[in-house]
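Just so it is clear, the values below take in all heavy atoms, side chains as well, and ignore hydrogens, waters and symmetry mates.
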Amino acid sequence: MKRRAFFKMGSASLVAAGLAPMSSQASAQSCEIGDRHADDWYHLGTGKKHQQPQRRLTRNFEVAVIGGGAAGICAAVAAARKGAKTVLVQDRPVLGGNASSEMRVHLNGVNRLKTGLAERETGIIEEMLLHNRFENAQESFPVWDHVLYDFVVREPNIELMLNTQAIEAIMEDDKISAARCWQLTTEKEIIIRAPLFIDCSGDGLLAASAGAEYRTGREGKAEFNETFAPDEPDGWQMGATLLMSAKDMGRPMPYRPPSYALKYDAENAHKRRKFNAYHEGIWWVEVGSDDDIIADQEINRHKLMGYLHGVWDYIKNSGKFPESENLALDWVGSLPSRRESRRFIGDYIHSERDLTGYKNFSDAVAFGGWGIDEHNPGGIENVALAPTIFHAHFDEVYQIPFRSLYSKNIPNLLFAGRNISQTHIALASSRIMATCALMGQAVGTAAYLCLQKNVMPRQLGQQHINTLQEALLRDDMFIPKRPANDPLDLARKANAIFASSTRSGDAKLLVDGMSRDIDNKVHHWQSESLPAYVQFEWEQPMSISAVEIKCDTNVKRNIMMRKDSKNDELYFNGVPPEMLKSLAIEARIKGQWQTLTSVNDNRCRLVKCQFSKRDITALRIRVSETYGKSNAKLFEVRAYT
């Protein structure tokens with residue numbers, strides 16, 4: 001009997017029995033990895049022999065998120081903050097995926113459009129990056145790991161399981177009823193039960209074992225009318241990369257390559273294989289696959305370690321880089337960062353024309369805008385070819401539809417990250433981590449709404465997409481061409497909105513539904529100086545207990561941590577000076593002004609202020625300090641009961 005069929009037929013009884021062995025005959029052939037009945041254990045503390053270690057447990061959650069990269073973190077935090085009991089399962093000892101200290105890839109997003117400016121992601125991913133700017137000014141990748149750990153474990157509704165891999169889906173009919181997991185550090189087999197699963201693991205082992213449809217390789221031009229696809233489909237997938245960094249030791253540092261080094265063929269290398277800032281790593285030391293890139297991982301890892309040292313040997317010993325004389329390897333990666341493997345099939349397959357044509361989707365929930373950056377599928381083994389081809393750059397950001405973020409044939413399964421329903425060419429753009437993070441927040445929010453409305457993801461998208469989009473916009477996501485229009489927002493019902501001073505924009509734009517300046521249109525109010533205030537007036541008293549403000553963090557400038565600590569017009573390596581630091585909320589109650597609450601150390605673009613419910617006729621937001629600018633800029637104000 002096939003293993004999937006075994007779990008499908010017997011999952012209910014297995015879970016109910018705590019996955020106990022079936023019978024003495026069957027147990028001899030048991031594949032249950034937590035079975036420890038053969039242990040010959042003498043416990044000196046208790047004086048007991050033949051005790052059986054407890055290595056199996058079953059846990060129940062409402063949302064199970066598999067994968068702790070940027071997408072998985074945002075999915076788990078989004079679901080948990082809404083109120084869902086959530087587990088985040090990560091197969092490594094640290095969070096962050098490709099951006100962790102194990103791999104150290106820059107957490108890129110829409111870093112640069114054709115305008116030359118970024119269109120940075122907001123929401124949970126921006127909150128993470130801002131948290132890092134406050135807690136990790138030294139820009140240390142190992143400290144970044146701990147910043148992410150803090151960001152997750154401080155959420156009361158999240159249980160984090162590190163060093164844990166979801167290895168198999170246990171099925172009931174066509175749904176995943178549980179994920180069978182193995183925790184390396186505790187030797188535990190953990191059965192995670194949940195009504196909804198989100199696979200953000202990249203490779204998607206859980207989803208694949210559930211029978212979710214997926215594909216690998218490159219589509220041919222004809223299937224989706226893609227200009228940049230090959231003429232015929234093939235199996236090639238973009239390669240994984242191994243990075244390194246070097247340190248100036250202040251004296252000559254000889255280098256002798258290890259036994260497994262592979263000589264770099266500089267003579268036949270393409271001219272675009274450049275060595276700019278090589279001491280911070282070379283992104284094109286990569287190896288791909290035209291078959292099963294997951295099965296080939298260990299073979300490719302060994303190759304990559306050899307190629308990395310071969311390239312460093314060329315830098316140190318070819319005589320062409322005299323400036324490397326005092327450099328020594330300071331850190332060398334051992335875990336390749338993967339770009340591509342499985343792409344699961346949803347109700348819609350996102351493709352090149354959707355990106356380049358800026359297609360409007362009624363179910364849009366996220367955006368992208370990194371250029372279509374297709375790496376040479378052979379990687380460094382095709383050294384004569386350019387390492388990557390930027391097929392296209394974008395004038396503006398494109399939309400990502402919700403229909404690409406859940407499984408076509410497994411009803412309770414969602415995705416976020418590089419494994420979503422998309423073509424190889426679309427992946428060449430959307431695989432960037434901050435874009436994946438937006439998908440994560442979208443599906444985490446969607447999972448909560450599925451629980452609340454007792455529907456599966458497909459039904460949520462068909463019947464409640466407006467609710468999902470409004471929830472995302474309220475939580476500081478941006479959906480291109482989709483202004484917010486929350487009927488519960490009392491600020492939109494104000495009879496008058498004005499400010500103490502205005503340098504640019506207009507106070508009335510704070511309720512126009514757009515939370516950033518976009519498409520050459522202004523959607524902000526900016527004060528002339530500080531202190532300043534903006535005021536909302538209602539003809540009839542409004543019962544208000546919460547005010548939510550979206551301030552300026554300059555989304556046209558990147559704030560991700562970089563190995564080169566870049567600080568220029570496009571990148572910033574500190575806390576954005578535009579961000580609001582101190583403010584107070586005042587209200588007119590029965591004709592008298594009162595201070596309801598104040599914030600003195602704000603660390604987010606989305607500032608949430610809560611207080612006891614009051615019946616007010618006017619609301620005043622008094623801004624007094626930023627992190628460096630002499631005036632304040634706001635993009636949105638909301639008020640709720």
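- Pairing each heavy atom of Gly34 with each of Glu189, the nearest pair is N-OE1, 2.8 Å.
- At a threshold of 4.5 Å between non-hydrogen side-chain atoms, the residues Trp182 and Ile190 do not count as touching.
- With rounding to the nearest 0.5 angstrom, the OG atom of Ser404 is 7.5 Å from the CG atom of Asp354.
- From Leu308, atom CG reaches atom CG of Leu242 across 5.5 Å, with rounding to the nearest 0.5 Å.
- Figure legend: Arg343 and Tyr214 shown without cation-pi pairing, the cationic atom not lying both under 6.0 angstrom from the six-membered ring centre and within 45 degrees of its axis.
- One distance of note links OG of Ser565 with CD of Glu139; it measures 3.5 Å at 0.5 Å rounding.
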*Output, in order, the C-alpha distance, side-chain angles, deciding distance and verdict of salt bridge (charged side-chain N to carboxylate O under 4.0 Å, His left out) for Lys221 and Glu226.*
CA-CA 5 Å; Lys221 277 182 166 54; Glu226 292 184 308; over 6 Å; no
*Quick one: do Glu168 and Arg180 satisfy salt bridge (charged side-chain N to carboxylate O under 4.0 Å, His left out)? Show the steps, please.*
CA-CA 5 Å; Glu168 193 157 18; Arg180 186 183 188 207; 3.5 Å; yes
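- Taken from OG in Ser100 to CG in Leu95, the straight-line distance is 9.0 Å, to the nearest 0.5 Å.
- Annotation for Met128 and Cys74: closest pair SD-SG, 3.9 Å, computed over non-hydrogen atoms.
- A salt bridge is defined here as a Lys NZ or Arg NE, NH1 or NH2 lying under 4.0 Å from an Asp or Glu carboxylate O, and Lys316 with Glu325 fails to meet this definition.
- Annotation for Glu323: atom CD counts as buried by contact number, over 12 foreign heavy atoms lying within 6.0 Å.
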*For Glu286 and Arg339, run salt bridge (charged side-chain N to carboxylate O under 4.0 Å, His left out): C-alpha distance rounded to whole Å, both residues' side-chain angles, the deciding distance at 0.1 Å, then the answer.*
CA-CA 10 Å; Glu286 61 178 298; Arg339 290 180 176 86; 3.2 Å; yes
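- Atom NZ of Lys556 has more than 12 heavy atoms from other residues, nucleotides or ligands within 6.0 Å.
- Annotation for Val383 and Arg273: closest pair O-NE, 3.0 Å, computed over non-hydrogen atoms.
- For Trp144 and Tyr149, the ring centers sit 6.0 Å or farther from each other.
- Other residues, nucleotides and ligands place no more than 12 heavy atoms under 6.0 Å from the NZ atom of Lys247.
- Distance alone, capped at 3.5 Å, places no donor-acceptor pair between the Gln90 side chain and the Leu160 backbone.
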*When you look at Ser430 and Gln422, which way does the side chain to side chain donor-acceptor pair (under 3.5 Å) test go after all the steps?*
CA-CA 9 Å; Ser430 69; Gln422 60 187 339; 2.4 Å; yes
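- Met477 is not listed as a side-chain neighbour of Phe367, based on a closest heavy-atom distance of 4.5 Å or more.
- Under a cut-off of 6.0 angstrom, the local environment of CZ in Arg112 is sparse, with at most 12 non-hydrogen atoms contributed by other residues, nucleotides or ligands.
- Taken to the nearest 0.5 Å, the CD atom of Gln165 stands 8.5 Å off from the OG atom of Ser201.
- Ring planes of Tyr358 and Phe394: perpendicular class, angle over 60° (limits at 30 and 60°).
- What you find for Asn98 and Ser337 is that their closest heavy atoms are OD1-CB, 3.2 Å.
- Listed here is the closest heavy atom pair of Ser341 and Gly202: OG-O, 3.8 Å.
- In this structure a side-chain-to-backbone donor-acceptor pair under 3.5 Å is present from Arg431 to Asp373.
- Between Arg603 and the options Glu126, Glu127, Glu135, a salt bridge (charged side-chain N to carboxylate O under 4.0 Å, His left out) holds for only Glu135.
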Show me the side-chain donor-acceptor pairs of residues 254-267 shorter than 3.5 Å, one per line, residues at least two apart or across chains.
| from | atom 1 | to | atom 2 | distance (Å) |
| --- | --- | --- | --- | --- |
| Tyr255 | OH | His309 | ND1 | 2.6 |
| Asp265 | OD1 | Asn268 | ND2 | 3.3 |
| Asp265 | OD2 | Asn268 | ND2 | 2.9 |

*Run the side-chain contact (heavy atoms from CB on, under 4.5 Å) check on His391 and Glu374 step by step: do they pass?*
CA-CA 7 Å; His391 294 293; Glu374 186 188 23; 2.7 Å; yes
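- Residue Arg418 is tested with Arg338, Met238, Met439 for a side chain to side chain contact (heavy atoms under 4.5 Å, CB included); the sole match is Arg338.
- Just one residue in the list Asp476, Thr122, Thr553 forms a side-chain hydrogen bond (donor to acceptor under 3.5 Å, both in side chains) with Arg605, and that residue is Asp476.
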*Step by step, would you call Glu381 with Val287 a side-chain contact (heavy atoms from CB on, under 4.5 Å)?*
CA-CA 7 Å; Glu381 295 187 319; Val287 174; 3.9 Å; yes
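- The ring of His375 has its center closer than 6.0 angstrom to the ring center of Trp283.
- Between the side chain of Asn376 and the backbone N or O of Gly379, at least one donor-acceptor pair lies under 3.5 Å.
- Among the candidates Arg215, Arg353, Arg218, the single residue satisfying the salt bridge (charged side-chain N to carboxylate O under 4.0 Å, His left out) test with Glu223 is Arg215.
- Scanning for ring pair (Phe, Tyr, Trp, His ring centres under 6.0 Å) contacts around Phe402 gives Tyr406, with sequence neighbours left out.
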_Asn300 vs Asp296, side chain to side chain donor-acceptor pair (under 3.5 Å): CA-CA, chis, key distance, verdict_ = CA-CA 6 Å; Asn300 289 345; Asp296 293 343; 5.0 Å; no
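- Here Ile372 contributes atom CD1 and Thr227 contributes atom OG1; the two are 9.0 Å apart, rounded to the nearest 0.5 Å.
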*Before giving the answer on side chain to side chain donor-acceptor pair (under 3.5 Å), spell out for Asp150 and His131 the whole-Å C-alpha distance, their side-chain angles and the decisive distance to 0.1 Å.*
CA-CA 10 Å; Asp150 174 49; His131 190 46; 2.8 Å; yes
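- At most 12 non-hydrogen atoms from other residues, nucleotides or ligands lie less than 6.0 angstrom from NZ of Lys274.
- The ring of His393 has its center closer than 6.0 angstrom to the ring center of Phe390.
- Of the residues Asp91, Thr164, Asn163, the one that meets the side-chain hydrogen bond (donor to acceptor under 3.5 Å, both in side chains) test with Gln183 is Thr164.
- Residue Thr445 comes nearest to Gln441 through the heavy atom pair OG1-O, 2.8 Å, listed as atom of the first residue, atom of the second, then distance.
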_Does Arg81 form a salt bridge (charged side-chain N to carboxylate O under 4.0 Å, His left out) with Glu155? I'd like the steps, not just the answer._
CA-CA 7 Å; Arg81 286 181 178 177; Glu155 294 293 336; 2.9 Å; yes
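- Aromatic ring orientation, Phe275 versus Phe321: tilted (interplanar angle from 30° to 60°).
- Screening Asp564, Asn558, Asn567 for a side-chain hydrogen bond (donor to acceptor under 3.5 Å, both in side chains) with Asn573, the sole residue that qualifies is Asn567.
- Heavy atoms of other residues, nucleotides or ligands lying less than 6.0 angstrom from CD of Gln138 number more than 12.
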